[in-house]
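Structure first, then comments.
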Amino acid sequence: MAERPRETSDRPGLPPGFLWGVSTSAYQIEGAAAEDGRGPSIWDTRCRMKGGVGDGSTGDVSCDHYHRYAEDIGLMKAIGVDAYRFSLSWPRLLPTGKGPVNPAGLDFYDRLIDGLLNAGIEPWATLYHWDLPQGLDDLGGWTNRDSAGWFADYAVLVARRYGDRVKHFATFNEFSVFTLFGYAIDWAAPGVTDRAAHLKAIHHVNLAHGAGVDVLRSLVPDVSIGAIHNRQLVLPEGDKPENRAAAALLDEHWNRAFPDPQLLGCYPPQIAEAIAPYVAAGDMARICRPIDWFGLNHYGPIFAKADPTKTWGFGWGETPADAPDHGVGWPIFPEVFRDELLELTRRYGLPVYITENGCGGDRDAPDADGRVIDGHRIRYLEVYHQAMRDAIAAGADVRGYFVWSLLDNFEWGSGYGQRFGLVYVDFPTQKRIPKASAGWYGDLIRKERGT
Ligand code: IFM
């Protein structure tokens with residue numbers, strides 16, 4: 001289905017039917033990790049490895065969304081969002097990744113989807129947000145070429161079960177983050193650091209994406225399919241030639257290793273050369289399948305430097321000390337966001353949904369009156385919102401915006417140290433407190449809709 005503008009009319013400046021949402025992911029909020037037949041994922045394994053997660057925490061309970069989903073839908077309704085982007089937990093549906101299905105897991109997403117629809121909130125489902133079933137990692141995970149077929153079978157299950165009610169699907173979330181951090185830099189599960197493994201993972205995930213698109217297209221009537229990419233400008237630390245070369249290679253890995261083959265049919269030049277041994281005849285056509293929208297996750301630019309000790313010879317550089325702060329307390333670059341939106345429209349020609357943008361940090365806490373006043377997050381969102389409007393005014397085809405995230409949650413390698421939520425979660429009691437930013441976002445949505 002071609003992505004069409006929705007039919008309501010909004011304030012001048014935004015396209016009609018502009019969509020406002022919030023995003024989360026399964027492992028980061030659901031908890032109930034060993035409940036009702038869910039199998040382990042590679043993140044359950046990593047959380048149990050020494051040093052796997054900075055604060056030694058796990059997603060075992062997290063926000064307990066598995067049990068509190070109805071309350072969380074109520075929070076979204078109170079904010080007034082149009083759509084909720086969540087991910088399905090593959091190991092909750094297929095505990096070992098393939099083979100027997102878990103009926104209780106299927107039922108959970110029925111309840112969630114029905115609850116959203118009853119609340120007037122559109123469900124946007126992502127098939128994969130990093131929680132590969134451990135049973136599949138035991139078979140090589142994404143380094144195994146069969147992984148594309150495993151993913152396609154999982155997509156069939158999802159499409160048949162939920163495709164009557166869910167019409168917006170994304171295949172993967174942030175392809176390059178989980179492959180680069182998981183197979184080249186040991187910052188994410190499964191914690192491999194090997195060039196060949198990384199190249200195979202890139203190619204097989206691309207094949208899985210293509211296979212998933214075909215499944216969704218053939219089984220879900222009126223489906224709208226996207227893929228969600230992290231894209232951030234990569235700048236060299238300082239001006240040394242080796243840092244410029246590092247930035248160019250990181251740019252290929254971070255920004256182009258997935259959207260270019262999926263949407264233009266080719267790998268960027270340095271990766272193309274390295275990955276050639278793993279590309280079989282016909283693969284590029286399997287990867288480059290028509291989709292309906294580009295999902296952009298964007299937070300800010302990244303800085304690269306040469307580091308010969310690392311798998312690809314690049315490492316993360318320092319942000320310049322004089323980088324603009326905009327009153328948020330850490331450097332932000334909204335003009336980079338504006339330019340990225342324009343570049344996406346030009347390069348790939350697809351409608352863009354901003355599927356993640358938001359502000360983390362470790363300073364949110366209830367005040368003496370029990371309120372969480374997160375002025376820094378409001379400032380960040382205001383500035384990025386204006387940058388999005390500037391991009392749209394200059395011709396970027398942006399159709400919607402999702403804040404990351406609804407809830408404070410398990411922030412991967414940082415554990416619970418980084419809070420990104422519009423809603424504060426007191427993890428020991430599971431009490432939810434909408435932060436000042438939740439009120440701000442609701443007001444913005446109403447103002448933009450003119451309601
Ligand atoms: O929490 C993550 C999310 O899972 C993927 N995008 C970035 C977020 C903040 O780091």
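Whatever order the structure lists ligands and atoms in, that order sets their numbers, starting from 1.
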Handout entry: Proximal atoms of ligand 1 relative to Glu174 (non-hydrogen, under 4.0 Å)
Key = 5 (C), 6 (N), 7 (C)
Problem - Short side-chain to backbone donor-acceptor contact, Asn144 and Leu139, under 3.5 Å - result: yes
Fill in the blank from the handout: closest protein heavy atom to atom 10 (O) of ligand 1 is Glu411 OE2, 2.5 Å
Exercise for the section: Return a yes/no value for Gln28: is any of its N or O atoms, backbone included, closer than 3.5 angstrom to an N or O of ligand 1? Expected result: yes
Practice task
For Arg432 and Gln430, indicate whether the former's side chain and the latter's backbone hold a donor-acceptor pair under 3.5 Å.
Solution key: yes
Handout entry: Protein contact to atom 6 (N) of ligand 1 [nearest heavy atom, distance to 0.1 Å]
Key = Glu356 OE1, 2.5 Å
Practice task
Identify which one of Leu381, Val81, Ile378 satisfies the side-chain contact (heavy atoms from CB on, under 4.5 Å) criterion when paired with Tyr441.
Solution key: Val81
Handout entry: Min N/O separation Trp412 to ligand 1 under 3.5 Å
Key = yes
Handout entry: Geometric N/O contact Asn409 with ligand 1, under 3.5 angstrom
Key = no
Problem - Any donor-acceptor pair under 3.5 Å from Asn357 side chain to Val403 backbone - result: no
Practice task
Using only heavy-atom distances, determine whether the side chains of Thr193 and Asp186 contain a donor-acceptor pair under 3.5 Å.
Solution key: no
Handout entry: Contact with ligand 1 for Gln418, non-hydrogen, under 4.0 angstrom
Key = no
Exercise for the section: Taking only heavy atoms of His129 into account, list the atoms of ligand 1 that are under 4.0 Å away from them. Expected result: 3 (C), 4 (O), 5 (C)
Handout entry: Ring-face cation of Arg92 near Tyr66 (centre distance under 6.0 Å, axis angle within 45°)
Key = yes
